[in-house]
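For the single chain, residues carry numbers from 1 onward in sequence order. Read the numbers this way: they start at 1 and go in the same order the structure lists the ligands and their atoms.
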Amino acid sequence: MKRLFKILTFSLLGIALLAALAASFIYVKGIPNYEYKPGPDILNLKVAPDSNRVARGAKIASLLCNECHKDSKTQRLTGEVMLDMPPEFGKVHSLNITNDSVHGIGAWTDGELYYFLRTGIRKNGSWAPPFMPKFPLMADEDLYSIIAWLRSDDPLLAASPKEYPPNKYNLFSKFLCNVVFAPPPLPESPITIPDSTDRIALGRYVADALCACYACHSADFAKMDILQPDKSLGFYGGGNPMLNLEGEVVHSANLTMDKETGIANFTSEQFLEAVKYGKNPRGGPLYYPMFPHTALTDGEVNAIWAYLQTVPTIKNAVERYKPKN
Ligand code: HEC
Ligand code: HEC
C-alpha cells in the first residue's frame, strides 16, 4: 500500500512537473510560427484597382474590418484596443492597416495581403491568432476587392504613423494557439461568388463565407469550424456569450427556424430590418456586438433569409441581454 502510494505520489508529481514544463514551454514558445509558402500565382499577384473592386472592397470592409481596425480618435484604420475581447486572453490591439509603409501595410505586396487574409500567416512566418479572422471560404474576387480597396485613397486608409507595442497574448491564448487553433489551408481551387439567381447558395455565401454570421450565432467560438461552418457546434442555434464594450455578457440570438426559440415567426421584412438596421421586431434595438449591416443589399439579406430556412432547427432558448437602465 505504502509502495503504491509512493508510486502514485511520484507519478502525480511527474504529471505536475510535465504540466509545468509544458506550460513554460508554451509560455516561452508563444504563438507558433508557420511557414510562409505562397505558390507563384500568389507571389506574383497584382490586383488591378478598378473602381468596382474598390467600391465592393469598401463595402466588405464596412461589414468586416472597420469594426475592429477603426480608431475613433484618428478616424482611420490605425487600430484599436480590442475592448470586447475577454481579459483572460491578454491585452491586444488590432493593428495599423493604413497605407503607411513603415507602421501600416503600405509595403505589403498584394500576394502578402492575400496570403495573410486567407491564412493569417505573415511573410516573416508570424501568425495572427484567431482574434484576427481568416477568410478561407471567401471568393477570390472578393479578396481582390478588399486588396484593391486597401490600396485606395479612402480617407480611412490615409497613411498614419501610429504604432503599438507588440501584442501581449497570455498563457491561455498561447495555449489555445498551440493546441486548438491553426491556420486554415489555402483553397484547392478558385472560389467564385454564387449567382444571384441561386438565392440559397448566395445566402449561404454571404452568411457563412463573407460575413461569418455563423461564428457569432453558433454555440462557441472555440468550437466553430471555419472550413466547414455547418460542422460548428450549435450551428446558428445562438447562445454564444460575448462581451459588449462595457464588459457585460451579451448572448447571440438563435437564428434557426425553431418556432419557440428561433426566428421562425419573423417576417422577411422584420428580418431585413433586424439585419440592416438593428431593429428588434419585439421592440427596441438589437444590442452590440450585433451591428447594423447597412452595406448589405436587400437582395443579399433576402438571400440569407432564404438560406436560413434550410438550416436545421435547434431548440435553444437564449437568455437575451437587457440593459440595466
Ligand atoms: C475581430 C477583430 C478584427 C477584424 C474583424 C479584423 N481584424 Fe485585422 N487584426 C485584428 C487583430 C487583433 C490583429 C493583430 C493580430 C496579431 O496580434 O497578430 C489584426 C491584424 C491585421 C493585419 C496585420 C497587420 C500587421 O501589421 O501585421 C492586417 C493586414 C489586417 N488585420 C487586416 C484586416 C482586414 C483587411 C480585415 C477585414 C477583411 C480585418 N483585418 C478584420 C483584428 C481584426
Ligand atoms: C459579432 C457577432 C455577430 C455577428 C458577426 C452577427 N451577429 Fe447577429 N446578433 C449578435 C448578437 C449578440 C445578437 C443578439 C443581440 C441582442 O440580444 O440584442 C444578434 C442578433 C441578431 C438577430 C436578431 C434575432 C432575434 O431573435 O432578435 C438577427 C436577425 C441577426 N443577429 C442576424 C445576423 C446576420 C444575418 C448576421 C450576418 C450578416 C449576423 N447577425 C452577424 C451577434 C452577431
Closest approach of any protein heavy atom to atom 24 (C) of ligand 2, naming residue and atom: A253 CB, 3.5 Å
Please write down residue, atom name and distance for the protein heavy atom closest to atom 28 (C) of ligand 1. F116 CE2, 3.3 Å
State, to 0.1 Å, how close L296 and E300 come at their nearest heavy-atom pair, and which atoms those are. CA-OE1, 3.4 Å
Strictly under 6.0 Å, is that where the ring centroids of F172 and F89 end up? yes
Which pair of heavy atoms, one from D142 and one from R56, lies closest together, and at what distance? OD1-NE, 2.7 Å
Short list, please: which atoms of ligand 1 are under 4.0 Å from a heavy atom of H93? 12 (C), 14 (C)
One finds that the ligand 1 atoms under 4.0 Å from a non-hydrogen atom of Y169 are 15 (C), 16 (C), 17 (O)
Could you check whether any heavy atom of P129 sits closer than 4.0 Å to an atom of ligand 1, since that is the contact criterion I want to use? yes
Can you pull out the closest protein heavy atom to atom 18 (O) of ligand 1? Residue, atom name and distance to 0.1 Å, please. R122 NH2, 2.8 Å
Starting from atom 33 (C) of ligand 1, what is the nearest protein heavy atom, named by residue and atom, and what distance separates them? M132 CE, 3.4 Å
Checking a contact table here: which protein heavy atom is nearest atom 15 (C) of ligand 2, and how many Å away? Y287 O, 3.5 Å
Which option, M242, R282, H217, K279, owns the non-hydrogen atom nearest atom 9 (N) of ligand 2? H217
Is the shortest side-chain heavy-atom distance between I226 and Y214 below 4.5 Å? yes
Enumerate the atoms of ligand 1 whose separation from the nearest heavy atom of V92 is less than 4.0 angstrom. 12 (C)
Taking heavy atoms and a distance under 4.0 Å, where does F271 meet ligand 2: side chain, backbone, both or neither? side chain
Under 4.0 Å from one or more heavy atoms of F131, ligand 1 contributes atoms 1 (C), 2 (C), 3 (C), 42 (C), 43 (C)
Nearest non-hydrogen contact with atom 23 (C) of ligand 2 belongs to which option: D208, L286, V206? L286
Sidechain-backbone polar pair: Q270 side chain, T267 backbone, donor-acceptor under 3.5 Å: yes
Measure across W149 and L157 and return the closest heavy-atom pair with its distance rounded to 0.1 Å. O-CD1, 3.1 Å
In ligand 1, the atoms that come under 4.0 Å of a heavy atom of A128 are 15 (C), 18 (O)
Nearest candidate to atom 43 (C) of ligand 2, where distance is taken over non-hydrogen atoms, out of P281, A212, P323, C216: C216
So do L272 and W305 actually touch side chain to side chain, heavy atoms under 4.5 Å? no
May I ask you to check if ligand 2 and Y321 share an N or O to N or O distance below 3.5 Å? no
Counting from 1, what ligand 2 atoms have a heavy atom of P289 closer than 4.0 Å? 1 (C), 12 (C)
Kindly assign one of parallel, tilted or perpendicular to the pair Y236 and Y307, based on the angle between their ring planes and the thresholds 30° and 60°. perpendicular
Relative to atom 25 (C) of ligand 1, which among L95, L77, L63 owns the nearest non-hydrogen atom? L95
Is there a path from I147 to L186 through hydrophobic residues (I, L, V, M, F, W, Y) whose side chains come within less than 4.5 Å of each other? yes
Less than 4.0 Å between a side-chain N and a carboxylate O, is that true for R118 and D140? yes
Under 4.0 Å to a heavy atom of C68 - the qualifying atoms of ligand 1, by number: 1 (C), 2 (C), 3 (C), 4 (C), 5 (C), 43 (C)
Just need the protein heavy atom nearest to atom 34 (C) of ligand 2, so name the residue and atom and give the distance. C213 SG, 3.6 Å
Between the side chains of K162 and D71, is the shortest nitrogen-to-carboxylate-oxygen separation below 4.0 Å, so that they form an ion pair? yes
Run the contact test for H251 against ligand 2 with a 4.0 Å cut-off on heavy atoms, strictly below, and give the result. yes
State whether the side chain of S232 and the backbone N or O of D225 hold a donor-acceptor pair below 3.5 Å, judged by distance alone. yes
Would you check whether S252 reaches within less than 4.0 Å of ligand 2, judged by its heavy atoms? yes
For residues R151 and I105, report the shortest heavy-atom separation together with the two atoms involved. NH1-O, 3.8 Å
Numbered atoms of ligand 1 (with element) below 4.0 Å of F135, judged on heavy atoms: 38 (C)
Have a look at H69 and say which of its N, O or S atoms is nearest atom 8 (Fe) of ligand 1. NE2
Carboxylate-amine/guanidinium contact K46 D110, below 4.0 Å: no
Specify the closest pair of heavy atoms between A222 and F181, including all atoms of both residues, with the distance to one decimal. CA-CZ, 4.0 Å
On the 0 to 90° scale, with breaks at 30° and 60°, tag the Y321-Y287 ring pair as parallel, tilted or perpendicular. perpendicular
Taking both backbone and side-chain atoms of R320, is any N or O found less than 3.5 Å from an N or O belonging to ligand 2? yes
Could you check, using the six-membered ring where one of them is a Trp, whether W108 and F116 have ring centers closer than 6.0 angstrom? yes
Measure L255 to ligand 2 on non-hydrogen atoms and call it side chain, backbone, both or neither using the 4.0 Å cut-off. side chain
Near C211, which atoms of ligand 2 are under 4.0 Å from a heavy atom of that residue? 38 (C)
When you measure from atom 8 (Fe) of ligand 1 to the N, O or S atoms of S94, does any of those distances fall below 2.8 Å? no
When you check the gap from the basic side-chain N to the acidic O, do K315 and E260 get nearer than 4.0 Å? yes
Identify, for atom 41 (C) of ligand 1, the protein heavy atom at the shortest distance, and state residue, atom and that distance. L64 O, 3.3 Å
Could you tell me whether P133 approaches ligand 1 through its side chain, its backbone, both or neither, with non-hydrogen atoms closer than 4.0 Å? side chain
With backbone taken as N, CA, C and O and side chain as the heavy atoms from C-beta onward, which portion of F266 lies under 4.0 Å from ligand 2: side chain, backbone, both, or neither? side chain
With atoms numbered from 1 as shown, which atoms in ligand 1 lie under 4.0 angstrom from a non-hydrogen atom of L117? 34 (C), 35 (C)
Give the residue and atom name of whichever protein heavy atom lies nearest to atom 38 (C) of ligand 1, and the separation in Å to one decimal. C65 SG, 2.6 Å
If two hydrophobic side chains count as joined below 4.5 Å and joins carry through other members, does M224 share a cluster with V311? yes
